[in-house]
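Below you'll find the structure, written out as structure tokens, and then a few comments.
What you are looking at is a predicted structure, and each value in this text was computed from that prediction instead of being measured.
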Amino acid sequence: MSSPATEPSATKPRSGTQGPASVLTPQREDFPRWYQEVLAKAEMAENGPVRGTIVIRPYGYSIWERMQENVDRRIKQAGASNAYFPLFIPQSYLQREAEHVEGFSPELAVVTHAGGDRLEEPIVVRPTSETVVGEYMAKWVQSYRDLPLLLNQWANVVRWELRPRLFLRTSEFLWQEGHTAHGTKEEAAAYARQIHLDVYRSFLTDIAAIPVLVGHKTPRERFAGAINTLTCEAMMADGKALQIATSHELGQNFARAFGIDFLGQDGQRHLAWTTSWGSSTRMVGGLVMAHGDDRGLRIPPRLAPIQVVVVAVRNDQAVSDAVEKLVSALSQSGVRAISDIREGSFGRRVTEWELKGIPLRLEIGPRDLGEGRATIVRRDLPADVAKSQISLQEIPQAVKGILEEIQAALYDQALARQLSLSTQVDSVGEAIQAAEKGFAYIPKNLVDEAAEEEMAASAVTVRCVQRPDGSLADSEDEEGLVCVVARSY
RNA sequence: CGGGGAGUGGCGCAGCGGUAGCGCUCCUGCUUUGGGAGCAGGCGGUCGGGGGUUCGAAUCCCCCCUCCCCGACCA
């Protein structure tokens, strides 16, 4: 927060009939504050009673549900099946994989008492489920015929966070975690890659309209216990990076620790190769920070729980009837539309829909009605150019096309920003400098462990390693790769 | 855990020895409704907790708790 002298007029509505009232602290002024305010005012989420916990409100949850639905469908298309494993994990399981425990122990919540007594063996509240799943995979995998074993679960996990932020880092969060076992290293690697590209990248770009960088993590940034980690990184409106989804090759580390082995066609026992991959409610935070502007959220139409709101400008019977008629026509053509015929000032209601980021707003008042038209307002455009008129008859067929234009516009705007805040550099010092504003691209051969250390001292990290053309390398060891370096959430 | 702040109605704040106030929100009524409406009335707080000083504590002192910001870890 700033000094107490300059106090917030930010929450105070401005009167007058022109210019967008500033309902939020402008992003450029104080981005973290903008983020908190927009989540509160758009009724997305708030803090829970225990530090680091989150209460996801119905509107926020409806966005998460849309994400879940789409990601879940893609996961199933990739051949995995949903299952459910327990929240409570024996502490000894975690300890079986050395790097895994080491990585997670600082953030574990451990149950030491239950049923009124001290427990013989402490129980860990799952921070992730590789260990329990490994235990059961070992049981279920006997023969090469049992492979690949492709599992996914939707669950909550707990990682005790020192510096929580709504959606981005909370001590408890919701996610999807996939766990698979394969007969060969190549097959495991290919599957992790498939999930990464066909589920995560394609969901993020095609549905969430968030341009993402895909690449490998450096050993330093890898998942605890993995031999390779793939990441989707996106740039937020303030130029910082957010890791939105990751996919891991676990090699045979967990197979060895949990005895996941199988009898091959050759009659010999072989250790399986496993993968894991996840995406979480962090995506909601990423969506907010990638698309939001000074007037509030902007939800891309393909994802939006509400694509169109039809607002009655006046509380008037003829107008209300026209609004409802239009909403049902839209609904029938497969558009997610709602009406707003509430009492209360027009300005207030409109502001609420803008805060919530509804992609398209139709306004009908007596004047419009008299001329057989409606006012149409796009949320992706600046306020002064967002409005136009459209005849009532045209609306149902026109809307779908406009929604697709908005979808594309949001992606394009996010991509344009990412490109404008990205810099090619050829020294670590320049990379640190450039990361103040956005992403720095630096040849990988200039980034050794000492360089990573140096960058870390300035709160800058290698977000991912990729080919110069942005494509995903076959391996982290490929020649000529570049590191994308940035500050991150 | 180190370094800085702050805890007063739902939210944001003022008050800093004399018994709690403002703005927004909320409720009621009327007038309104084309970008967060106006007027009138009203609900709501044992001032984070505990101890102490004092005739008297939100205000001063001590202890504790919590939250926020900046650093080391993370989807």
Going by the ring pair (Phe, Tyr, Trp, His ring centres under 6.0 Å) test, which pairs reach into residues 344-365 of chain A, not counting sequence neighbours?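 Passing the test, one end in residues 344-365 of chain A: no pairs.
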
For Asp448(A), give me all partners under salt bridge (charged side-chain N to carboxylate O under 4.0 Å, His left out), at least two apart in sequence or on another chain.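 Per chain and number, Asp448(A) pairs via salt bridge (charged side-chain N to carboxylate O under 4.0 Å, His left out) with no residue.
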
Going by the rule salt bridge (charged side-chain N to carboxylate O under 4.0 Å, His left out), which residues pair with Glu371(A) if we only count those two or more places apart in sequence or in a different chain?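 Result, salt bridge (charged side-chain N to carboxylate O under 4.0 Å, His left out) vs Glu371(A): Arg373(A).
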
Letter per nucleotide, 5' to 3', of nucleotides 70-75 of chain B [B base touched, S only sugar-phosphate touched, - untouched; heavy atoms, 4.0 Å]: SSB-BB

Would you call Lys41(A) and Glu43(A) a salt bridge, taking side-chain N to carboxylate O under 4.0 Å as the test?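 Looking at Glu43(A) together with Lys41(A), the answer is no, because their closest N to O distance does not fall below 4.0 Å.
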
Taking the same atom, C1', in rA58(B) and in rC43(B), what whole-Å distance lies between them?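 Rounded to whole Å, the distance is 23 Å.
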
Pairwise P distance for rG41(B) and rG36(B), with rounding to whole Å: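 Between the two P atoms, the distance is 25 Å.
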
Which donor-acceptor pairs under 3.5 Å do side chains of residues 284-292 of chain A form with protein atoms, sequence neighbours excluded?
from      : atom 1 : to        : atom 2 : distance (Å)
His291(A) : NE2    : Ala208(A) : O      : 2.8
His291(A) : NE2    : Ala209(A) : O      : 3.3

Neighbours of RNA chain B within residues 361-382 of chain A, by heavy-atom distance under 4.0 Å: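 Heavy-atom contacts with RNA chain B come from Arg361(A), Glu363(A), Gly365(A), Pro366(A), Arg367(A), Asp368(A), Thr375(A).
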
At 4.0 Å (heavy atoms only), tell me whether Glu343(A) reaches a base, stays on the sugar-phosphate, or touches nothing.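 Contact class for Glu343(A): none.
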
Has the side chain of Lys387(A) got a donor or acceptor atom sitting under 3.5 Å from an opposite partner on the base of rG35(B)?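 It does, because a donor-acceptor pair links the side chain of Lys387(A) to the base of rG35(B) below 3.5 Å.
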
Please determine if a side-chain N or O atom of Ser345(A) lies less than 4.0 Å away from the OP1 or OP2 oxygen of rU33(B).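 Ser345(A) to rU33(B) OP1/OP2: no side-chain N or O under 4.0 Å.
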
Does either side chain, that of Thr53(A) or that of Glu172(A), offer a donor lying less than 3.5 Å from an acceptor on the other one?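 Absent: no donor and acceptor within the cut-off.
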
Looking at rG2(B), which nucleotide sits across from it as a Watson-Crick or G-U wobble partner, both distances under 3.5 angstrom, or is there none?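 In the structure as shown, rG2(B) has rC70(B) as its Watson-Crick or wobble partner.
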
